[in-house]
Each structure stands twice: as C-alpha cells, then as structure tokens.
Undergrad: 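Dumping the structure here so I can ask a few things about it.
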Amino acid sequence: MAIHFLENKQQFILNTKKTTYAFQVLRNRYLCHLYYGKKKKDILPYQEQVLNFAPYRPEFNDAISPDFFAQECSFFGSGDFRAAALRLCGSDGTGVTDFVYDSYRIFYGRRELDGLPSARVDENTETLEITLYDPVTNCRLLLYYTVFESEDMISRYMMLENNGRSKVEIEKCMSLTLDLDRSDLDMISLYGQHCFECKYQRVPLHHGIQSVFSRRGASSHQYNPFMALCTHKATETSGEVYGFNFVYSGSFLNEIEVDQLNRSRVLMGLGNECFSYILEPGECFTSPEAIMTYSASGFGQMTRNFHKFIRAHILPPAALEPHPVVLNTWEACYFDIDEKLLLSFADESKKIGIDMLVMDDGWFGGRNNDCAGLGDWFENRQKFPNGLYSFVKKIKARGVKFGIWIEPEMVNPDSDLYRTHPEWCLHVEKRIPSLSRNQLVLDMSNNDVIDYLISIFDRTFNGVDIDYFKWDMNRHLCDVGSIMLSSERQGEVAFRYMKGVYRLLNWFIQRFPNALIETCSGGGGRYDLGMMCYGFQIWTSDRTNPYYRTFIQSSCLMAYPATTMSCHVSKPKEGGKSLDYRYKVAVGGMLGYELNILEMSNEVKSEIAKQISEYKQFEHLIRLGDYYNLVSPVNHDYSAYYYVSEDQDEILLTLIEKADCKPGKTKLLNIKAALPNATYTDVFTGKQYMGADLQRNFKLLLSGEKCSAQLLYLKNITGR
Ligand code: DGJ
C-alpha cells in the first residue's frame, strides 16, 4: 500500500519508492502539512507554538492559527494571510470560506477529470480523497492525491461541489499547495520567447511572492509551466530538488511565497487573473492536475523521474514506438506547395530513407500566404487538382507515409468561415479584436464551433489515408469574450476554450485512431503535459539553427523526455560539415528534416541517407533511455549528455562544441551509468573502453572545431 492513515496520530502517509509525503488532521478540523522528502518512517506531529497577530478560532487556543501551520490547501479570508489556493465568493459577497475536514477515502485508480487531460493510472495506482466542507456556502471540496510509486510522483487536483442554495464563484483555483518549512532554496524556471523557448533561469527565493505564469491562453513560449526548487548548492548529481508541473495547456500561475517565518508556499494552478468560474447549486468543478516529485540526489534524478512518469502515464502509448523520420515542407517551400512538387518530394524521400512526408501549411482554402484561408479546411483545387484523397493515395504508392498540417483554433478574417460566422471568433462587444499573424482566435468555448470543426474535418479527411496531424496554434488569446456566456461568466471563457480544444483533440484520436498527432504552437508555445496527453511529440521550436537548439533542447530535457522533442535538420549553410553538426544536435530528440530535398546535391542526399540509417540503430536509446546531463551549454563552451538503456548495455554519448569553443582541450566525463565490469565498444569506430574507466576516468578530446559535434554509440561486448 502506498497510502496509509495512522488513526492514532491522525496522519496521512503517502509513500513512493524513494519519497514520503505526510500531513495530519489537526483538531479534527484542519489539514496540516508535515513532510515531503526522502522516504522516512516516523513523522513528527505538528508542534504547537504561539505567534502574535495570528488569528485563531474561539474554540482553540492561540497556538492553532491557520496563518501558522503548513497547509494542504489554503483558503482566502479565514485566518491564513499567505497566498490562497482557493478563493470562493458566495452569496455574502465576502470571499471568505473556511473548509473543515470531514472524511477520507483511499481507492485504486482515480476519478475522471471532467474533460481535462490527466495522467493515466493502472490498477495498482492509489488515490487518496479528502473531503472538506464549508458550512456557510454548503460547498464540498474534494482534494485528490494520486500516488505514482515507481516514478516518485504525486499528483494533486481538486473538485468543488456546490450543494448550497445559492451560486458561488471560484475566484482563484490552485491545484497544488506545498508548504515547505524552509526557504534556503533556488527557483528554477524556463522562460523564453518565440524561436527561443526554454531559457534556463535559477534565482534564490526571496521574501514575498515570486511567480511564473501565462496570461496568454496557452502555456506559452514565455514561461513553461515546469518549475523546480533546489537547495543552493544543488547540482546535477547532488542536493535536494523539488520538481513541479501542470497537466494543462492554457494560462496558469505558479506562485511561491516566502513568509515571515522563512517558510515557502508553493502553489500551482489556474490562478485568478485569467480564470473565474460560477457554480450554480448542484454543479461541480474539477481543476486540472498538478504533479510533484522530489529528488535527494540533484536535478538528474528529478529529470529522470519526470521522463519516466511522462512516458508511462502522460504520453499516448504510440509515443513509445519508433517515431517516423519526417520530411516537413515548411522550411523547404513555405506556402509554395502543390501536388506535383510534393510527389517529387515523396520520390526523393523514399530514396533516402525518410518515413513520412509532412505537408505543412498552405494546402487548403485560399492559403497562399498567412493572410488568408485559415478556417477553410478543404483542399485548394488549384494546388491539388485531383483532390486530397487521390493525392495522398499517390504519396502512399511511393512508399512513404503522409502527415498533414492543421491549425483548427484559428481563422483569418479573409476566409469563408469568418465571412459566414464572424461571431465565432473571440471578441468583446463594441471592441475590434486584435490580430496576430493576420489571424483571429476561434471561440473554442462555443460548442457550435467545435461541432463545425468536427464536421468539416470529418468531411475533408474522410477516407484519406492520413498517418499524422501536425496541430499548430500561432497566436495567443486576447479580447477573450464569448457570445455564448453571460457577462458574469466571461471569466470562464479561457478555461472553457481549453476544454473545447481537448474535446476536439479527443475527437481526432477517436476518428483517426491510427494517426499520430504532433502538437505545435509556433514551435514550443504549448510544450506542456496537457498537450502531451494527446500528441506523441511536440515541435520544439521554430528555431532550427543548431547553435540555439543546443540551449533549447538541453533545458527542455530537464523536464520533458526526448521522445517528446521533435528536432529537424534544416538547410545547412556551409555544406557537409554543417549538415553533420545539425544532425548530431537534432538526434538529441526525434529526428526529422525540413529542407528542399529537390535542391540538394547527390552528396548531401547520400549524407542524409547515411544519417537516417545510423540514427535508426540507436533511436530506441533516445526514445526510451535514461537521460544524463553531463555538461550544460549554459556557461560552458561545449555541452555533453548521454542516453543509456535500462540494462546499461548501450550508451549514446553526444558532445557538442559551441561557436565559442576553445580548441584542443581534453574533457573528463564521468559516465556513471556504465557497467563497471563491462567492456564497451564504439559501434562507429570500433574503439574499446572499460566500463570502470567510462564511469570515472573517460577522457574525450574536443576537436576544437567551432559548431561541431561528436557521437559515440557504445555497446557492451563483454562475453560476446
Ligand atoms: C508555425 C510552426 O511552428 C511551423 O513549423 C509551421 O508549421 C508554421 N507555423 C506554418 O504556418
């Protein structure tokens, strides 16, 4: 059993393989957090202590104040002055609630999250349900803790039921609260921008509130929902690290408050700025799920916990199968595509070992540039005179699979869809909505819009043999207003928008069960666990330049496994050498190409063919192996990392020399995951290495060539 209730101590204990999470029912009323960290047997109960200026209830003494003990879920207005996890406004208009512990239940599996993506459980996964009750609003609050033992992961989400006679408004909702009895920590977050996602930031916590967030209706390029806290000296292999992430793709808020007593409150959820929600009597609201993990041995362990968890419980199972090597038409020809050209692409693709041709933007409606056509999801007959069905049949006859680009959430004002239904885009009455990339956002909170999209995609793709959809989203949400909701409910639009997107994604999965979905939002603008529940990989960034990709991919790997990272080799600038560098950086994730194959020389084409066949030998290591980050590109002139198979018999080591790398240095790398008694051979050079040397004393010479990379594919040959 992973979850226990110790009756005598009134303690809930949640155990994973290496961690313990504990809290206590205090005075039969409050939920007081006790511990999260390394696995531990005896957890000390809450020690009462008096604090001035701390409110307490008349029936208790002044040593029991909600402002004073660590909370499992904090409520606004009833004595805890720190940042609240839940703020509700009932008929009294005050925002004050005071939920009291009622009961608990432990069960296998989990409750469904009402149209939201969530981690898959198996029959051994246990969930703790805690019920609280607010006697004034008559609301029941259900807190859920699902324990993923072998991945050292605990998930949190909540449901609120309005059993009262009046409506209540949820004004702030945070799925996860973690009160830590310390603030000697650094905060790690990934910030960025379009074309440079996932920049790494590490700053010490300070008193007050620090936060990362999105108000953009998408998880965003600007701040990724992943966040970690670590001890000041934590490294890849040592120190304590707490990791967090959110299974959601819209606006979010990650808040950390360091309080008067140097304690840190971590909150993760929908927040309060882009979210509010009215519950009528009898209605129920479910929050998205947040996850957390703990490592006592540095970032590497946290990373591997996330990777293992995401592969096992978040990604669709198809993500664990070999991913096709794609040739994508975007950087190759942008909007200038047609049947004749793409059939030639397919011919060339087949010759060099590409598995799938992906037809990107430009195939539909009047889409000859980014000013028109979005929303008109039927093939452009000038470009595809024989229709999509016949075109795809011809592609397939050439022996390659077929993928197609869509951007269902958007509409160009210059489109038939907009001309017919201008009211279907997000907008606010009397205001002209802003454009971004010449497009408006469809109101995905409106079921009529989703039904329309279902019907048009159903018609256009009916019978067409599609293996893969690239689902894009190229702007953020502003002028967030919907004609479907009353003025008091407009705060629900962004959340309902996301639920509409998820509904449509679910429809695609059911309607095209054999097709894969790659998600994308101008690259990594929705690189999140919500999207990963539907898509087998994500287009990591619109920046394909390998120098920048090295940074983007390295930070992305901190939180997400390589199997999610779609990495393309784009047109090399300086011939062969650059192609090799691009390839070696791209095989940090799932390899693809994005160049005009018809313009490539025979030499380049045979180089690509060689790359693809080489990649296929070790692709399984990138997709399923354990990731070890040896040298990060941030603050170094080179970077190094490796993937290792579960049995430790195979290792793929990558060393990348950046533009500023200094020549002729030997680097000592410790490949800790090598088997000490084994002999490994490098498949490419035949050179042999002792496992013990790889572990402690492995010297690799930097070539000194700026913008170059080395790959070593090591196999255990002991006893063979
Ligand atoms: C943004 C994506 O990130 C690109 O790969 C490409 O699909 C374009 N959109 C097409 O408009």
Side-chain angles (χ1 to χ4, degrees), residues 192-198 216 218-222 224 249 323-338 341-342 345 356-377 379-380 383 402-412 414-415 435-442 466 468-476 501 516-528 531 535-546 548-549 552-553 556 564-571 582 586 589-596:
Q193 63 195 88
H194 176 226
C195 282
F196 206 156
E197 299 83 348
C198 288
R216 295 168 176 269
S219 50
S220 90
H221 311 82
Q222 283 69 17
N224 191 276
S249 315
H323 291 212
V325 175
V326 306
L327 176 67
N328 183 297
T329 59
W330 182 243
E331 283 195 43
C333 20
Y334 298 102
F335 296 99
D336 294 331
I337 50 172
D338 61 25
L341 182 79
L342 296 195
F345 266 54
M356 185 190 291
L357 180 68
V358 175
M359 177 164 77
D360 209 285
D361 202 348
W363 61 268
F364 53 90
R367 188 77 169 167
N368 298 316
N369 50 50
D370 62 16
C371 295
L374 275 180
D376 297 341
W377 298 110
E379 65 269 36
N380 180 320
K383 295 179 180 178
F402 179 73
I404 194 164
W405 180 94
I406 50 174
E407 191 179 3
E409 299 155 69
M410 300 292 157
V411 63
N412 284 123
D414 185 0
S415 66
L435 293 169
S436 178
R437 206 196 189 200
N438 306 304
Q439 61 200 53
L440 296 167
V441 185
L442 285 176
I466 296 174
Y468 168 117
F469 294 100
K470 177 176 171 187
W471 182 302
D472 206 346
M473 189 235 189
N474 283 299
R475 66 159 288 179
H476 291 143
V501 173
L516 301 165
I517 298 176
E518 168 168 313
T519 64
C520 167
S521 173
R526 264 196 321 209
Y527 212 108
D528 59 66
M531 282 295 144
F536 83 125
Q537 61 184 28
I538 299 186
W539 178 227
T540 316
S541 178
D542 274 348
R543 181 69 70 87
T544 51
N545 176 313
Y548 295 99
R549 271 289 182 133
I552 296 169
Q553 293 175 191
C556 188
T564 64
M565 232 167 46
S566 168
C567 304
H568 293 179
V569 173
S570 60
K571 192 177 170 193
R582 281 163 192 267
M590 299 290 102
L591 178 68
Y593 290 81
E594 189 143 344
L595 35 73
N596 189 335

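Treat the numbers as computed from the prediction; the structure is a model and nothing was measured. These values consider heavy atoms only, across backbone and side chains, with no hydrogens, waters or symmetry-generated copies. Both counts, for ligands and for their atoms, begin at 1 and track the order of listing.
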Undergrad: Could you check whether Glu594 pairs with Lys470 (Lys NZ or Arg NE/NH1/NH2 to Asp/Glu carboxylate O, under 4.0 Å)?
TA: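 Salt bridge flag = no for Lys470 with Glu594.
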
Undergrad: Using the ring pair (Phe, Tyr, Trp, His ring centres under 6.0 Å) criterion, which residues pair with Phe469? Sequence neighbours excluded.
TA: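 Ring pair (Phe, Tyr, Trp, His ring centres under 6.0 Å) list for Phe469, sorted by chain: Phe461, Phe508, Phe512.
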
Undergrad: Arg367 and salt bridge (Lys or Arg N to Asp or Glu O under 4.0 Å): which partner among Asp361, Asp360, Asp376?
TA: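 Of Asp361, Asp360, Asp376, salt bridge (Lys or Arg N to Asp or Glu O under 4.0 Å) with Arg367 is met by Asp361 alone.
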
Undergrad: Decide yes or no on side chain to side chain contact (heavy atoms under 4.5 Å, CB included) for Asn224 and Glu197, but give the supporting numbers first.
TA: CA-CA 8 Å; Asn224 191 276; Glu197 299 83 348; over 6 Å; no

Undergrad: By side-chain hydrogen bond (donor to acceptor under 3.5 Å, both in side chains), which residues pair with Asp414, not counting sequence neighbours?
TA: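 Asp414 satisfies side-chain hydrogen bond (donor to acceptor under 3.5 Å, both in side chains) with Arg419 once adjacent residues are dropped.
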
Undergrad: Applying ring pair (Phe, Tyr, Trp, His ring centres under 6.0 Å), name anything that partners His568, two or more places apart in sequence or on another chain.
TA: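 Trp539.
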
Undergrad: Near ligand 1, which protein residues have a heavy atom under 4.0 Å away?
TA: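 Contacts of ligand 1 under 4.0 Å: Trp330, Asp360, Asp361, Trp405, Arg437, Lys470, Asp472, Asn474, Cys520, Gly522, Gly523, Trp539, Asp542.
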
